[in-house]
Student: 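Shown below is the structure under consideration.
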Amino acid sequence: MIDHYAVIGNPVEHSKSPQIHTMFARDCGQDIAYRRLLAPLDGFRDTVERFRAEGGRGLNVTLPFKEQAYRLATVHTDRARSAGAVNTLRFDADSIFGDNTDGAGLVRDIRENLGITIAARRVLLLGAGGAARGVLGPLLAEAPAALTIANRTLTRAQDLARHFDSNVHASTYQELSGNTFDVVINATSASLAGALPPLPRGVYAAGALAYDMMYGTKSAVFLENARAAGAGLTADGLGMLVEQAAESFFLWRGVRPRTATVLAALRAA
Ligand code: ATR
């Protein structure tokens with residue numbers, strides 16, 4: 001019997017995950033079915049249980065259910081614990097395995113696809129919500145020289161920094177003035193409201209990477225602005241999307257899919 005997987009969310013109709021996993025499966029010769037699963041906002045657990053009872057083997061979890069998925073999982077990886085959220089569920093015989101592959105996807109995209117080293121570089125993470133927390137552990141595991149979290153609401157950045165180690169500094173946007181960074185990652189939801197994080201001038205070091213965790217039109221304003229402000233290289237989060245999916249696929253199937261052709265196909269579309 002064919003193994004069933006899905007991406008669960010609300011909304012979920014625009015998710016590219018079915019396309020991505022179908023391409024991975026074809027490339028790896030794995031016989032799986034992957035679909036979208038819309039859960040009612042108050043019906044995450046019921047929808048997951050029904051999917052599992054019908055033989056579902058695993059789920060990707062997207063907004064707004066990643067924290068609920070964390071609570072549903074009975075076994076957590078360290079990176080799921082540090083994210084406080086789960087984006088990958090695997091239904092094993094006696095347990096529900098929960099992991100978070102977002103940070104690994106981001107790091108892999110920056111390191112492998114963009115060829116940028118995070119180790120010993122100065123990293124600036126914009127935002128202190130769920131998206132930022134989800135990637136902090138894997139970013140720190142790369143051993144940056146220092147990592148600064150800038151947020152509009154300073155206390156949220158401070159709470160997040162406290163969660164991690166002493167190499168993490170919390171900052172307001174104004175306090176960034178006079179500092180430069182090699183890697184600047186936008187993990188805010190500002191662009192959803194057509195806004196920009198209020199970065200002071202001069203934060204981009206020569207050749208710095210500006211990375212937006214969103215992709216396509218949602219990331220365009222931040223990245224255009226970053227280029228105008230002196231970033232040497234800009235990238236949207238499409239590569240992160242593909243890489244976090246590859247990591248999920250590996251957790252389910254034990255095979256690591258190739259990502260370059262999938263990323264190229266998505267870009268072409
Ligand atoms: P997510 O799960 O996407 O991270 P979230 O937890 O609501 O969503 O967090 C959104 C993040 O985007 C926060 O860091 C938020 O800043 P505040 O904590 O100060 O609210 C940030 N954000 C949203 N709109 C912003 C804007 N216009 N300018 C700067 N930061 C913004």
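Remember, it's 1-based here, ligands and their atoms both numbered in the order they're listed. The first residue in the sequence is number 1, and the count goes up from there.
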Student: Do H163 and R133 make a side-chain contact, defined as non-hydrogen atoms from C-beta onward lying under 4.5 Å apart?
Tutor: yes
Student: For G127, is at least one N or O under 3.5 Å away from an N or O on ligand 1?
Tutor: no
Student: Regarding atom 9 (O) of ligand 1: of the candidates A128, A190, G129, which has the closest heavy atom?
Tutor: G129
Student: Tell me which pairs pass ring pair (Phe, Tyr, Trp, His ring centres under 6.0 Å) where either residue lies in residues 24-75, with sequence neighbours left out.
Tutor: H21-F24, H21-Y34, F24-F249, F44-F65, Y70-H76
Student: Out of G130, G134, S189, P64, indicate the one that has the non-hydrogen atom closest to atom 11 (C) of ligand 1.
Tutor: S189
Student: Once rounded to the nearest 0.5 Å, what's the spacing between atom CD1 of I96 and atom CG of L89?
Tutor: 7.0 Å
Student: Under the criterion salt bridge (Lys or Arg N to Asp or Glu O under 4.0 Å), I'd like the reasoning laid out for R267 against D236: C-alpha separation, chi angles, the key distance, then a yes or no.
Tutor: CA-CA 11 Å; R267 289 248 181 256; D236 75 358; 2.9 Å; yes
Student: Working to the nearest 0.5 Å, report the span between CE of M213 and CG of D102.
Tutor: 6.5 Å
Student: Distance from I185 atom CD1 to L147 atom CG, nearest 0.5 Å?
Tutor: 7.5 Å
Student: What residue and atom, counting heavy atoms only, is the protein's closest point to atom 16 (O) of ligand 1, and at what distance?
Tutor: N151 OD1, 3.2 Å
Student: Would you check the N or O atoms of R156, main chain and side chain alike, for any that come under 3.5 Å of an N or O of ligand 1?
Tutor: yes
Student: Compute the shortest N/O to N/O distance between T153 and ligand 1 and return yes if it is under 3.5 Å, no if not.
Tutor: yes
Student: Using a heavy-atom cut-off of under 4.0 Å, does the side chain or the backbone of A195 touch ligand 1, or both, or neither?
Tutor: side chain
Student: Only one of L209, L139, L106 forms a side-chain contact (heavy atoms from CB on, under 4.5 Å) with I118, so which one is it?
Tutor: L139
Student: Which residues satisfy the side chain to side chain contact (heavy atoms under 4.5 Å, CB included) test with P200, sequence neighbours excluded?
Tutor: L176, S177, V203
Student: I need the nearest protein heavy-atom contact for atom 21 (C) of ligand 1: residue, atom name and distance, please.
Tutor: T188 CB, 3.7 Å
Student: Would you mind running through ligand 1 and noting each atom that sits below 4.0 Å from a heavy atom of A131?
Tutor: 1 (P), 2 (O), 4 (O)
Student: Ligand 1 versus R152, non-hydrogen atoms closer than 4.0 Å: side chain, backbone, both, neither?
Tutor: both
Student: Would you confirm whether any non-hydrogen atom of the protein falls under 4.0 Å from atom 18 (O) of ligand 1?
Tutor: yes
